[in-house]
Amino acid sequence: MSTTTARNDTRSHRSPRLRPLGSTPASMMRTLLALLMLACLPASALPAAPAESPADRLDISVSTVHVRVPVTVVDSRGRPVRGLTASDFALTDDRVDQEITSFEAVDLQSSEAAELVRNLPAARRNILFLFDLSNSTMKGILEARAAALGAVASLLPTDSAAVMVASSGGIRFELAFTHDRDQLRRALTNVGIETGGVRRDPLALFLDVMENQNAATSLTPLQHDDPISKGGTGGGGDAGGQLGAVAASGKRMGEREIQDRAADWASELAAVGLTLNAIDGRKHVLLFSAGVPDEALVGSQSLSETTAAVESNIWGAGSLESGNGDAIFGAAGVKTALAKAVEQLQRADVVVHCVDTSLLVAGGAMGLPEGSGRGQASLHMVAEDTGGNLWKNANDLSVPLAEIVERSRYTYVVGFESKEQRGAGQYHKLALELRKDTNGWRVIHRPGYFEPRPFTALTAIERQLLASEQIVSGIVASDIPLDVVAAPLVPGKNRTGVFTVVELPEILRREPAKQLDLELYGYARKLSGEVLAFFSDRVSFDVELARSQNKAGGVKLIARLDVPAGDAELVFLARNARTGATGLGRQTLRVPDLASGAPGILSPLFVDASSSWIVRRSSSIPEGDAYPFTVLGSSFLPAAAPATAGSAYRACLTTFGLSAAAAAGQVDISGRLVDSFGRPVRGATFRVVGKATASDSSGRVDFLLVIEAGDATHGPHSVEIAAQAPGMPPQRLIAPLGVDRTAAVAVAATE
């Protein structure tokens, strides 16, 4: 489901910002629209209106919601039915007929599937590996991990997968939904392993743990110390499971304790359903659990004993004795709680496939108290009522998972405009059926949808999942303008230190609140999607104080990511922690192995001559690191979207492995300014005015460039740079640059 909101431009290559001082693309567009509207109204009809803010936009309830419903149609033998069109379906929303306004047929194994799923998240299939740590033994968890790892190969490239653990402390993502199979295998390998002291990614997209630890012997208690756990404060959970601990001590759980554990289990499943509702597309959950003792649901007495007791009580006393009812019928409260959890899962379009971990180990139901019975009644109820399967003795999950993948590979995405909105979070029932004779065909779809809820109503784990989804998909409402510039500057063992500047222009000037709390997330990943490194920060500003210091109100955050050599994509997300307003920025770059000593040249860093920034240092930068951006002994701020309003501007060109050649005058650097058509600008000049060699062993040499704009007109331009040196193939760089002829302040060139 998606609302009709604007989406951010996520192009890989940045274009210069060209705008008058104190404006943004969003504000310019709003101004233009306002002027057009004013032109059509008489003067007497113009009321005064307050300025719009990101918070205002987020909290406005929309009158129309575009709903997309993933649908699978199978024949009488369970095979997917192809070739249907929108005219074959009839759709109702709360019993009101709806016109189908969008329709897509997606084969998840086709060559076009990746692009379709990227642009249409509702077509995506999401696989969640959910490990119930409280109701499984240590050995059961080990076997479950092995089974899950064996099933990864059955997933399609378009499948998004995640890993979650549930315990008495609540639920937590070990890995959020991603296409990164390396991270998926790493997360599965480390389920239940203590990761205390290791930096944890708050969005759970990168697992920063040792890769070579012995998973079979290092299973230790897992402590939930993050705010995502139940109650927001976390709590203790143990990987062996509380039922296992009871069994090991030889104690028998009392009836009340069994019911409490069963109620907690239902609560955890309901929380899973609530969380997954935020994800578009069909969700398949592989639940690894021993369930809860059967008597929590069906009673502890045998069928004959139960029949006799019922007859005795009904004929003798006219009603059941209060102290004996739960033992005969099971705990009514537990049944109700579990039924509500199942309903929550159904409404979120979740299918649960249960794997009985008590049967993954030799000897049967290990971890359950003697005489309590197995937990298959609870597992069967959850699986059957959500349309899933109960897998027994399923040490090899590759076959059943492959069957699920094949059965649901062909999906129809049916969309309509829901105009009858009753309020945030309200539930609508959907009915979707085929108009023609189906010959036993079955239409599988979610039973309904929830109206969008405001950011302030989301739980901590929902907010976490929302941010991780935005990072992975790149679909973000552009409430916060954001630009990025990055430079690999620090040699290291196996990795290069990449310094990044995240620009948030005018964010403080536009903020209506007195306090601004910003969440910032940054990831480096391969172009194929595997995450390589991350950082996260939270910075706060006293808005009035910041405005008094800087009227323009822009913020630059300088951060560091240590990235292996090769082509990489940097993705950054900024979010207002109060309103949920977001902005996304990307940059692709080639990261060199600076420690190798091989000669190379980086893209130029343009000097930002503006004073409209408040600069913050990220906690991702080690305390001992010096300020990275210097040239000829002077510090400077790089401009992510460089533009000049005057006749000249400066840039720093960094080379590596060329110190000897530079000292001998053998490095030749030339360049020119060209317009958007690639034509040289008349009167423009390009000069190298100085160089400085680093004192370390990297062979780094910085060159200061000055480019005069000449007769360049207002608009986007590029600087073409050519470099040649002994031992290095000729290099040619193209860097975007804007010429802003509307700004009032000129940038003076200093040599």
Side-chain angles (χ1 to χ4, degrees), residues 8-9 14-31 51-55 476 478-487 499-522 537-559 570 572-579 581-587 605-618 627-629 635-646 649-650 736-738 740 742-747:
N8 194 40
D9 181 7
R14 294 174 289 109
S15 297
R17 284 193 313 273
L18 295 175
R19 57 175 178 265
L21 191 66
S23 68
T24 67
S27 63
M28 291 177 68
M29 181 60 69
R30 289 196 298 271
T31 302
E52 185 187 23
S53 72
V476 176
S478 55
D479 299 293
I480 299 178
L482 188 151
D483 287 312
V484 180
V485 63
F499 280 93
T500 63
V501 178
V502 180
E503 287 186 2
L504 306 169
E506 305 166 14
I507 187 171
L508 294 170
R509 186 180 66 82
R510 300 169 61 209
E511 175 58 38
K514 294 182 179 180
Q515 181 82 12
L516 174 62
D517 294 320
L518 274 178
E519 301 171 7
L520 292 142
Y521 306 98
D537 259 304
R538 183 158 179 162
V539 293
S540 298
F541 298 90
D542 181 317
V543 174
E544 292 183 3
L545 177 62
R547 285 174 181 165
S548 68
Q549 297 172 345
N550 188 316
K551 292 183 179 180
V555 172
K556 289 198 183 194
L557 180 82
I558 301 176
L570 306 182
F572 298 89
L573 180 76
R575 182 166 71 178
N576 186 314
R578 180 179 62 87
T579 67
T582 53
L584 188 80
R586 286 177 169 176
Q587 184 182 354
L605 297 175
F606 294 93
V607 177
D608 194 333
S610 171
S611 60
S612 60
W613 302 103
I614 294 176
V615 182
R616 289 290 182 91
R617 173 189 177 122
S618 166
Y627 184 78
F629 304 113
S635 300
F636 69 94
L637 270 177
T644 178
Y649 53 90
R650 298 178 298 161
L737 180 116
D740 188 353
T742 64
V745 180
V747 178

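The number of heavy-atom neighbours closer than 6.0 Å to CD of Gln515, taken from other residues, nucleotides and ligands shown, is above 12.
Shortest non-hydrogen contact noted between Ala574 and Ile480 is O-CD1, 4.0 Å. Among all heavy-atom pairs drawn from Pro642 and Pro736, the shortest one is CG-O, 3.5 Å. Residues Val543 and Leu508 come closest through the heavy atom pair CG1-O, 3.6 Å. Looking at every heavy atom in both residues, Ala486 comes nearest to Thr500 through CB-CG2, 3.7 Å. The minimum heavy-atom distance linking Phe572 with Gly522 is given by the pair CD2-CA, 3.6 Å. Across Asp479 and Ala581, no two heavy atoms sit closer than the pair CB-CB, 3.7 Å.
With hydrogens and angles disregarded, a donor-acceptor distance shorter than 3.5 Å links the side chain of Tyr627 to the backbone of Phe636. Remark: the backbone N or O of Arg617 is not paired with any side-chain donor or acceptor of Lys556 at under 3.5 angstrom. Checking side-chain atoms of Glu519 against main-chain N and O of Asp537 turns up no donor-acceptor pair under 3.5 Å. The backbone N or O of Ala513 sits less than 3.5 Å from a side-chain atom of Glu511, completing a donor-acceptor pair. Within the 3.5 Å criterion, the main-chain N or O of Ser540 finds a donor-acceptor partner in the side chain of Arg616. A donor-acceptor pair under 3.5 Å is formed between the side chain of Arg547 and the backbone N or O of Arg509.
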Between Gln587 and Val484, is a side chain to side chain contact (heavy atoms under 4.5 Å, CB included) present by the stated rule, with each step listed? CA-CA 7 Å; Gln587 184 182 354; Val484 180; 4.0 Å; yes
Ile507/Phe541 under side chain to side chain contact (heavy atoms under 4.5 Å, CB included): CA gap, chis, key distance, verdict: CA-CA 11 Å; Ile507 187 171; Phe541 298 90; over 6 Å; no
As a quick check of understanding, evaluate side chain to side chain contact (heavy atoms under 4.5 Å, CB included) for Leu737 and Tyr649, giving each step before the final call. CA-CA 10 Å; Leu737 180 116; Tyr649 53 90; 2.8 Å; yes
Apply side chain to side chain contact (heavy atoms under 4.5 Å, CB included) to the pair Val502 and Val485, showing each step before the final yes or no. CA-CA 7 Å; Val502 180; Val485 63; over 6 Å; no
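With Phe629 as reference, Leu605 is the one residue of Leu605, Val607, Asp608 to meet the side chain to side chain contact (heavy atoms under 4.5 Å, CB included) rule. The side chain to side chain contact (heavy atoms under 4.5 Å, CB included) test with Leu504 is passed by exactly one of Leu520, Asp483, Leu516: Leu520.
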